[in-house]
Amino acid sequence: MEKPSIEDIEHVSQIFKVLSDMTRLKIVLAVKEGEKNVTTIANEVSMEQSAVSHQLKLLRDNRVVKTRRQGKAVLYSVDDAHVLDILEQTFKHVHHR
């Protein structure tokens, strides 16, 4: 791996900050299997819909999740598999002894 630029380091740091919040992490894990609307996500993570919407905006702004409109509904999913790879490796590290 070549030496990353300061800009790249800042972007990586921001992604880890976004993923370090337990609420946002629960939301990402809720949509890892596929698209879901805000109501479904809120029910799965036991939170108010408005709070989930706020967290989804942060996740979307940092390209962790993406949206797709289907009629009046907005569906959320993981933006790309790299996010899931990061989480999978992190969970493996947590369980490594």
Side-chain angles (χ1 to χ4, degrees):
M1 181 168 101
E2 62 185 71
K3 184 176 178 181
S5 68
I6 294 298
E7 185 177 273
D8 288 342
I9 292 170
E10 288 172 354
H11 285 128
V12 169
S13 175
Q14 183 61 32
I15 289 170
F16 279 115
K17 284 178 188 175
V18 168
L19 292 175
S20 71
D21 179 86
M22 194 162 90
T23 298
R24 289 189 290 267
L25 184 55
K26 287 179 184 178
I27 291 169
V28 172
L29 293 172
V31 298
K32 79 175 196 162
E33 299 300 325
E35 296 177 318
K36 295 181 181 171
N37 64 28
V38 177
T39 303
T40 302
I41 297 167
N43 288 335
E44 287 187 22
V45 299
S46 301
M47 291 178 57
E48 294 293 324
Q49 186 172 331
S50 60
V52 170
S53 292
H54 176 74
Q55 297 302 329
L56 283 166
K57 180 181 180 346
L58 290 170
L59 291 165
R60 192 175 64 244
D61 289 349
N62 286 279
R63 295 184 2 219
V64 176
V65 298
K66 62 184 177 182
T67 61
R68 183 177 70 85
R69 186 168 288 279
Q70 184 176 5
K72 293 182 180 181
V74 177
L75 302 175
Y76 294 85
S77 61
V78 174
D79 190 84
D80 67 51
H82 294 113
V83 172
L84 298 177
D85 292 342
I86 291 167
L87 292 176
E88 182 180 344
Q89 290 301 315
T90 305
F91 280 111
K92 283 182 179 178
H93 175 71
V94 166
H95 292 107
H96 178 77
R97 303 222 189 253

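Quick caveat, the model's predicted, so the values are computed rather than measured.
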Whether [X] side chain and [Y] backbone form a donor-acceptor pair below 3.5 Å:
X: His11; Y: Glu7; result: yes
X: Thr90; Y: Ile86; result: yes
X: Arg69; Y: Val74; result: no
X: Asp8; Y: Pro4; result: no

Do you know the tightest heavy-atom contact between [X] and [Y]?
X: Met47; Y: Thr23; value: SD-CG2, 3.2 Å
X: Val38; Y: Ser53; value: CG1-OG, 3.5 Å
X: Leu56; Y: Val65; value: O-CG2, 4.0 Å

Roughly how far apart are [X] [atom1] and [Y] [atom2], rounded to 0.5 Å?
X: Ile41; Y: Lys26; atom1: CD1; atom2: NZ; value: 14.0 Å
X: Glu35; Y: Thr40; atom1: CD; atom2: OG1; value: 11.5 Å
X: Met22; Y: Ile27; atom1: CE; atom2: CD1; value: 11.5 Å

Next on the checklist: Working note: Tyr76 + Asn37, criterion side-chain contact (heavy atoms from CB on, under 4.5 Å); need CA distance, chi angles, decisive distance, verdict.
Outcome noted: CA-CA 6 Å; Tyr76 294 85; Asn37 64 28; 5.9 Å; no
Checklist entry - Between Glu44 and Lys36, is there a side-chain N and carboxylate O pair less than 4.0 Å apart? => result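 Here Glu44 pairs with Lys36 in a salt bridge, since their nearest N and O are under 4.0 Å apart.
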Next on the checklist: Grouping I, L, V, M, F, W and Y whenever their side-chain heavy atoms are under 4.5 Å apart, do Leu87 and Leu58 come out in a common cluster?
Outcome noted: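 No, because Leu87 and Leu58 fall into different hydrophobic clusters, even though each may have its own neighbours under 4.5 Å.
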Item to check | Common cluster, Val83/Val45, ILVMFWY with side-chain heavy-atom separation under 4.5 Å | outcome: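 Per the 4.5 Å side-chain linkage, Val83 and Val45 are co-clustered.
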Test item: [X] and [Y] side chains (from C-beta on) under 4.5 Å apart, heavy atoms:
X: Asp79; Y: Leu59; value: no
X: Ser77; Y: Lys66; value: yes
X: Val64; Y: Val28; value: yes
X: Leu19; Y: Ile15; value: yes

Item to check | Other residues, nucleotides, ligands: >12 heavy atoms within 6.0 Å of Arg63 CZ | outcome: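 Open.
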Item to check | Derivation of the side-chain contact (heavy atoms from CB on, under 4.5 Å) call for Thr39 and Asn43 | outcome: CA-CA 6 Å; Thr39 303; Asn43 288 335; 4.0 Å; yes
